[in-house]
Amino acid sequence: MKATLTGLLYLTLLLMATHFISFVPPKAYTAAEALRNVRAEFQTALTELDQTAAAYEATANAFVRGEASAEALQKVHSQTRLAYKSLEFLLEYNDREAVKKYLNGPPLLSVEPKVPEVRIIEPVGLQVLDELVYGEDPKAEQEEILRLVRQFNKDFSKVKAFQEGVVLQHRFVFEAFRYQLVRIFTLGLTGFDTPGSGAALPEARQSLEGAAKALMAYFPLLEQIDAQLATDCRMELGSAIAALSQPADFNDFRRLQFLKKHLNPLLKLSLEAQKALEVELLNEITDRPQAWNYEADNLFSDEFLNPSYYTNLSDAAQSEERIALGRMLFYDPILSANNERSCASCHHPDKAFTDGLPRSMALNGEGNIQRNAPTLINSVYAEHYFYDLREPNLERQVKHVVRDEKEFNTDFLEIVDKLKQSGAYRSLFASAYPEHPQYQISKWSISNALACYVADLRSFNSPFDQYVRGEREAIAAEVERGFDLFMGKANCGTCHFAPAFNGTVPPYFQESESEVLGVPAAAHGPDSLTLDPDPGRFASYKPIDQTPFYLHSFKTVTVRNAALTAPYMHNGIYQSLEEVVDFYNKGGGAGMGIAVPYQTLPDTPLELSEQEVQDLVAFMEALTDTTGMTAVPDSLPVFQHQREWNKREVGGSY
C-alpha cells in the first residue's frame, strides 16, 4: 500500500510540474516578450524575498523578546531560504561576488585581497544563519541571529537595487539556468549550503522550479521550431521536479540516479534548446577560455572542464610537439643538479604519478621532502598549485622544484646550458617552438613544455565516468551506494567537488579551496593524537595566506585514482582508504580530541557503518583511470660531448 501511495504521489507531482511549465501565451508571442516575462518574474521574486526577509527580521526581534519560539524562527528562516532559492540562478549569474559575500556564502572566515592590508572578513548571510538557527541552542545565539538577519536585509536592499538595473539578455537566461543545474547537484544536493537545517532536497526543488520558470518563457517559441524538443524539455523538467519532490530523507536520496536520469538530460536538452532558438552561446561571444566548456552536455564528459582556462594557454599553444617535449623533460634527470633525479622520481606513472612514500626522498637520498607527492593526473584543474597553494601559475610550478635544495637544487641557467649541449634537444625545442627562435631553449620554453605535458595528464574515463555517460550498462551496487554517500551523508562532496572531486569550486570552477582537517602527526602510537606541525598554507610566501585560520590548511586534492596513490594526506600517515574514511568518520582531528583551531571539517562523527565505509572505498576505486598516460620514453637525448651524462637513467636513478 505504501509503495502504491508513493507511486501515485510521484505521478501527481509529475503531472503538476508538467502543467506548471506548459504555459502557452498568445500567438503574437516573441522573443522580446519572453525576456520581458522573465524580467517580470524575476522582479516579483526579488520583491517576495524582500518581504520574506522583512518578516524574518520581525520574527527574530520577537524571538529575542521571548515572543516567538525557535520553531517559528526556523520556519521563517526556511521561507526566506526558499524565497532566495527561487531566484538564486539569476542573482548568482548577475553578481556572484555579492551573493557569496553578503547573501549565501559559506560560514567560513575569508580575506579581502584588494586592499593595502589584508583584512579578515567575518562570514554573514543565510548559510551562517542556517547553522545558528538550527544549532543546539538558538536562544543562546539570539542576539547574533538578530544581528545577522538585520545585516542580511541591509545587504539585500543594495543587491536588489543593483539586480533591478541589470539588462537581461536571452543568453543570460540560458547560461544562468545551466549554471544552476550544476549548482543544484554539486552544492545543493550535497548539503553544502544547508549546514544546519539539512533542507537540501526541498531547496533543490525550489531552485529548479525558479530556474524552470525562466526557461519555460521560451518554450512556445521552441514549439514552433522543434515541437518534439519542446515536449522533451517540458517532460524532463517536470520529471526532475517530481523526483526532487518525493518524501526522501537526505541520506536516502539516490543522487546517482538523479544525475543520470535528470541532471545530465537537462544539461543536454537546455543546450539543444538554446541552439535551436539561435541564442548565442557563451563560447561564441568570447575568445577567452571558460573553466567549463559551455557546449559540454554531461557533467562527467571528458571535455566538461577546460584545461586551457587553467593553463592560460590556447589549444594551439598546447601542441603535440610541446607535450612530447615536456614528457621527455619530465623523465630526464638532466634537470637536476646531480643528473640522477627527474620529475618522475617523485611522480611514478604506475602509481598515478605519486611515489608510494609518506614523504618523497630528498636529493642524494638525504632525508625527505616536506610533504607527500600528490598525483599529477587532473592537477591542471586548479586555481593554485602545491599543498599550500603558493603558486597560481602551472608554468611557474616547476621553478619551485628546480630551486628547492631537497629536490633539483639547481637553477634555470644551468639547465639551459646543459640542454643546449644536446643536438637532439636543440632539434626538439626547435620543432616545438619554431615561432620563438630566441626562446627555444630557455626558462620559459622548459617551463611551458612541462606545463603542457602535465596539463595533458587528464582522467575522465574511469568505469564510473563511463557509466554516468551511458557508455557501460551497469556498475556495482556498492559503487552506486558509495557515490550517494560521497555526495550525501558522508559529506565528501562538500569539499571534493564533482566532477574532478577536488577543491575547485562549482559551478564556475575558478577557485581552489583548502581545508583545515586536523591531520595528526601519526596514524598510530602517541603521536596519533598530536596535530601535525606542518603550517600548510599559513607558511606560504603570500601575505594573504598568513592569517590564523589558514594555519594547518592544505589544498583539497582529487580523490580520482586514489586507489593508486597511497599513502594519504599531506604527511602520508594513512596507508589505506579505509583509514582515511575512518579519520573523517570520527570528525577529523577535533573529533578525535586534538585541539585544532579553525578546523573547517565538521568535528561531529558521520556515524558511517562498516558497510558504508566499504561502499565509499568501492566508489573511489571506481574512479581509477590512467589510460594513455603511463608510457615512458625508451631512451633520452644524447649529449655528444658529455658522455658521462649519457649514462643517466630514464626517470632518474631514484
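In this structure, Phe497 has its ring center no closer than 6.0 Å to that of Phe509. With ring centers used as reference points, Tyr508 lies under 6.0 Å from Tyr179. Ring pair Phe583/Tyr568: centre-to-centre distance not below 6.0 Å.
Proximity of a side-chain donor or acceptor of Ser512 to a complementary backbone N or O of Glu383 within less than 3.5 Å is detected. One N or O on the side chain of Thr504 and one on the backbone of Tyr381 form a donor-acceptor pair closer than 3.5 Å. In terms of modelled atom types and a separation under 3.5 Å, the side chain of Ser576 and the main chain of Glu579 share a donor-acceptor contact. Panel note: side chain Thr600, backbone Val516; a donor-acceptor pair is recorded below 3.5 Å. With Lys542 contributing its side chain and Arg537 its backbone, the two residues share no donor-acceptor pair below 3.5 Å. Arg178 contributes a side-chain N or O that, together with a main-chain N or O of Tyr294, makes up a donor-acceptor pair within less than 3.5 Å. In this structure, the side chain of Asp456 does not engage the main chain of Ile323 through any donor-acceptor pair within 3.5 Å. Looking at Asp484, its side chain does come within 3.5 Å of a backbone N or O of Arg255 through a donor-acceptor pair. A donor-acceptor pair under 3.5 Å links the side-chain atoms of Gln318 to the main chain of Leu313, judged by distance alone. Side-chain atoms of Arg322 come within 3.5 Å of backbone N or O of Ala432 as a donor-acceptor pair.
With 3.5 Å as the limit, one finds no donor-acceptor pair spanning the side chains of Ser459 and Arg560. At a cut-off of 3.5 Å, with distance as the only test, a side-chain donor of Tyr433 or Asn448 sits close to an acceptor on the other residue. For Asp388 and Ser540, the side-chain atoms include no donor-acceptor pair closer than 3.5 Å. Between the side chains of Asp465 and Ser462, at least one donor N or O lies within less than 3.5 Å of an accepting N or O. In this model, a donor atom of one side chain and an acceptor atom of the other lie less than 3.5 Å apart for Ser514 and Ser553. Defined by atom type and a distance below 3.5 Å, a donor-acceptor pair is present between the side-chain atoms of Asn338 and Asn364. Counting only N and O atoms by type, the side chains of Glu92 and Gln180 include no donor and acceptor under 3.5 Å apart.
Within a 6.0 Å radius of OH in Tyr654, more than 12 heavy atoms belonging to other residues, nucleotides or ligands are found. By the 6.0 Å contact criterion, NZ on Lys261 is open, its count of non-hydrogen atoms from other residues, nucleotides or ligands being 12 or less. The number of heavy-atom neighbours closer than 6.0 Å to CD of Glu278, taken from other residues, nucleotides and ligands shown, is 12 or below. Applying the 6.0 Å contact sphere to NZ of Lys399 captures more than 12 heavy atoms from other residues, nucleotides or ligands. For Glu644, the CD atom counts as loosely surrounded, since its 6.0 Å shell holds 12 or fewer non-hydrogen atoms of other residues, nucleotides or ligands. With a 6.0 Å radius and a threshold of 12 heavy atoms from other residues, nucleotides or ligands, Glu414 has its CD atom above the threshold. The number of heavy-atom neighbours closer than 6.0 Å to CE of Met629, taken from other residues, nucleotides and ligands shown, is above 12. For Glu303, the CD atom is loosely surrounded, since the number of other residues' heavy atoms within 6.0 Å does not exceed 12.
Asp411 is not listed as a side-chain neighbour of Arg403, based on a closest heavy-atom distance of 4.5 Å or more. Counting heavy atoms from C-beta on, the side chains of Val402 and Ile415 come closer than 4.5 Å. You'll find the side chain of Asn461 reaches within 4.5 Å of the side chain of Gln466, heavy atoms only.
Cation-pi geometry between Lys420 and Phe429 is not met: the NZ or CZ atom fails to fall both under 6.0 Å from the ring centre and inside 45° of the normal.
Atoms CG and CG, from Asp297 and Leu267 in turn, are 7.5 Å apart once rounded to the nearest 0.5 Å. With values rounded to the nearest 0.5 angstrom, Phe192 atom CZ is found 11.5 Å from Asn491 atom CG. Atoms CG and CD, from Asp287 and Glu284 in turn, are 12.0 Å apart once rounded to the nearest 0.5 Å.
Between Phe619 and Phe483, the ring-plane angle classifies as perpendicular under the 30° and 60° cut-offs. Taking the six-membered ring where the residue is Trp, Phe330 and Tyr453 present tilted rings, their angle falling between 30° and 60°.
Every pair passing salt bridge (charged side-chain N to carboxylate O under 4.0 Å, His left out) that includes a residue from residues 613-642 is listed here, sequence neighbours excluded: Arg481-Asp615.
Screening Phe460, Phe464, Trp292 for a ring pair (Phe, Tyr, Trp, His ring centres under 6.0 Å) with Phe300, the sole residue that qualifies is Phe464.
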